Peer 1: 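Got a structure here, written out as structure tokens. Questions coming.
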Number of protein chains: 2
Amino acid sequence: MSQHRHPGAPGRAGAVPTLPDLPEATVARLPEYLRALHNLADSGHETVSSEGLANAAGVNSAKLRKDLSHLGSYGTRGVGYDVALLIEQIESVLGLTQCRSVALVGVGNLGHALAGYDGFATRGFRIAALFDADPARVGEEINGLVVRHVDELSRVAAEQLISIGVIATPARAAQAVADQLVAVGVTSILNFAPCVLSVPEGVDVRKVDLAIELQILSFHEHRKASLTALPGTAGSALTALPGGLAATDTQEAIGT
Amino acid sequence: MSQHRHPGAPGRAGAVPTLPDLPEATVARLPEYLRALHNLADSGHETVSSEGLANAAGVNSAKLRKDLSHLGSYGTRGVGYDVALLIEQIESVLGLTQCRSVALVGVGNLGHALAGYDGFATRGFRIAALFDADPARVGEEINGLVVRHVDELSRVAAEQLISIGVIATPARAAQAVADQLVAVGVTSILNFAPCVLSVPEGVDVRKVDLAIELQILSFHEHRKASLTALPGTAGSALTALPGGLAATDTQEAIGT
DNA sequence: CGCGATTTGTGCACGTCTTCACAAGCGCCT
DNA sequence: AGGCGCTTGTGAAGACGTGCACAAATCGCG
């Protein structure tokens, strides 16, 4: 995760036109709200209540209101939130008003899929360049982009501003790639390699490890299995457990 | 805190003693520790200090000690942790002593990559079956597995116990797939589709959304960029550049 | 115009997570 | 044996995140 520092605490000066350092948990949920809002806009909704948006995003309505309150009062009491306005605001806060360029390093199994994933383009990201260290892969064309050798990274980065670097290499190559990315000025990295990256301060790294997700699920499976083996209530003993049961961030079943 | 329990005599029939409900944050880190421990074991280390393991896992040493303390006292003061023993314990807690079967639904761009990802097999997971709704994809063989039609899910699930379901379909198909998985008894789902799943209580859902990760990074990029602007520039309107908003819809291109 | 229905925004209390700091325990050396 | 250095395990305190409950604000309608 990213670590940042609190700069000196300056007193609040008047209104809030700039970014009032959002809580990290809120930032992590804003993209989910944004996706839900786009869905609502597509289906013709012009306004939405906190309850409605919270349901669509899979969170508690109080949490949603608090999250949104952090970026200002863009709702209307008694009515709800204007969908278009809220989209605009969240995109502004997330810095999505500009299309950001992504450099993808490692065009193996996973990288190949990422290069072809249209979920990036549809949400304001453009894959600007593909790299790989394997000469056999250099020159291959994926989705209209030619794979270049990773050593060309600095040259390519000089041509176009790279906003985010994505690492989809094997673990043993990830740190070297990260170093190269940092060297060309990339300060945000999304790491799919199963390893810890060491980066200088000011560089944000987010990690996605598919196996870890499975292992976390495995734990819950294991726990549930050992609970059913316990005495007494067979069947769905789960529903009888106290509220603290699944403390994961999994969404609850949305009541109808 | 509560009593740490002993692993129990191996001769005794009966499962590992009941799991002392671990904090969820701890559970999420255990797989990372496990990976670091395997690396250490491979490089010949027999013991490791909390400081060393914490570095390898990218966390604070105090946090690591507290995490490990939740599963018992498996360290030796003045020495550190026995690597092999700790691996054994964490794998036991995570329920990784048995190989878990995974059903993967959606063999599109991402699903194809997941089916070929060896990071699953190397960490105790076996992809037991592949499914897709597109008849054109049914019958295709990936990594030695034949893609079956999703309607066969219940029949296949009857043959072999499915521990975890992975959804890699377009968003519009995800809920139906989730319902089918739940219907055949799956209680753990890993969802790659960008949507909220509604599942009954007792079913765990973890979500991985690649675009969301990028958007979170985008926020930090945006914040860093606005910090580099001198603090003297107060009140620079963020929305001053609405020329060509690239805010396309979240409508996913459906491939199946 | 005023009133009631509705919904936002938020103060407050509570629970969870993180970090510090240190006592307790272990091994080694003299 | 005894002391010394090192490391774990753990209270305690603080930071952070969550959810309740309600006042404030707005709209629609008679």
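Order of the sequence lines fixes the chain letters, A, B, ..., with proteins taken first and strands second; residue numbering starts at 1 for each chain. Everything numeric here is computed off the predicted structure, so don't read it as measured data. Both backbone and side-chain heavy atoms feed into the values below; hydrogens, waters and symmetry mates do not.
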Peer 1: Could you give the CZ-to-P distance, from B/Arg29 to C/dT16, as a whole number of Å?
Peer 2: 15 Å
Peer 1: Nearest heavy-atom pair of A/Ala56 and B/Val196: which atoms, and what distance?
Peer 2: O-CG2, 3.4 Å
Peer 1: Expressed in angstrom and rounded to an integer, what is the separation of B/Asp82 atom CG from C/dC26 atom C1'?
Peer 2: 15 Å
Peer 1: If you assign B/Gly78 and B/Ala62 each to the DNA chain D nucleotide with the nearest heavy atom, which residue ends up on the more 5' nucleotide?
Peer 2: B/Gly78
Peer 1: Is the phosphate of C/dG9 approached by A/Tyr81 (side-chain N or O, under 4.0 Å from OP1 or OP2)?
Peer 2: yes
Peer 1: Hey, is the side chain of A/Arg77 pairing donor to acceptor with the base of D/dT26 inside 3.5 Å?
Peer 2: no
Peer 1: Please state how far atom CG in A/Leu22 lies from atom P in D/dG17, giving the value in whole angstrom units.
Peer 2: 11 Å
Peer 1: Of the options C/dC20, C/dG9, C/dC17, whose atoms approach the side-chain atoms of B/Asn60 most closely?
Peer 2: C/dC20
Peer 1: Looking at A/Arg65, does any N or O in its side chain come under 4.0 Å of the phosphate oxygens OP1/OP2 on D/dT18?
Peer 2: no
Peer 1: Can you tell me whether the side chain of A/Lys66 and the base of D/dG19 have a donor-acceptor pair closer than 3.5 Å?
Peer 2: yes
Peer 1: Grab the CD-C1' distance between A/Glu51 and D/dC20 for me, whole Å please.
Peer 2: 14 Å
Peer 1: Need to verify one output field. Residue with the more 5' nearest nucleotide on DNA chain D, B/Gly75 or A/Asp67?
Peer 2: B/Gly75
Peer 1: Round to the nearest Å and state the distance from A/His70 atom NE2 to C/dT8 atom P.
Peer 2: 16 Å
Peer 1: Rounded off to whole Å, could you give me the CG-to-P distance for the A/Leu64 and C/dT10 pair?
Peer 2: 14 Å
Peer 1: Measure from CD on A/Gln89 to P on C/dG9 and round the result to the nearest Å.
Peer 2: 12 Å
Peer 1: Could you tell me the separation between the CD atom of B/Glu24 and the C1' atom of D/dG17, rounded to a whole number of Å?
Peer 2: 15 Å
Peer 1: According to a strict under-4.0 Å criterion, is A/Thr76 in side-chain N/O contact with OP1 or OP2 of D/dT26?
Peer 2: no
Peer 1: Do other residues, nucleotides or ligands put more than 12 heavy atoms under 6.0 Å from the CD atom of B/Glu88?
Peer 2: no
Peer 1: Is the distance from OP1 or OP2 of D/dT7 to the nearest side-chain N or O of B/Ser50 less than 4.0 Å?
Peer 2: no
Peer 1: In terms of side-chain heavy atoms of A/Lys63, which of D/dT10, C/dT19, D/dT18 is nearest?
Peer 2: D/dT18
Peer 1: Is it true that the side chains of B/Ser188 and B/Asp204 contain a donor and an acceptor less than 3.5 Å apart?
Peer 2: no
Peer 1: Can you find a side-chain donor-acceptor pair between A/Thr187 and B/Glu221 that sits under 3.5 Å?
Peer 2: yes
Peer 1: Please determine, for the side chain of A/Pro23, which listed nucleotide (C/dT19, D/dG17, D/dT7) has the closest atom?
Peer 2: D/dG17
Peer 1: Nearest 0.5 angstrom please: B/Leu110 CG to A/Leu210 CG, how far?
Peer 2: 8.0 Å
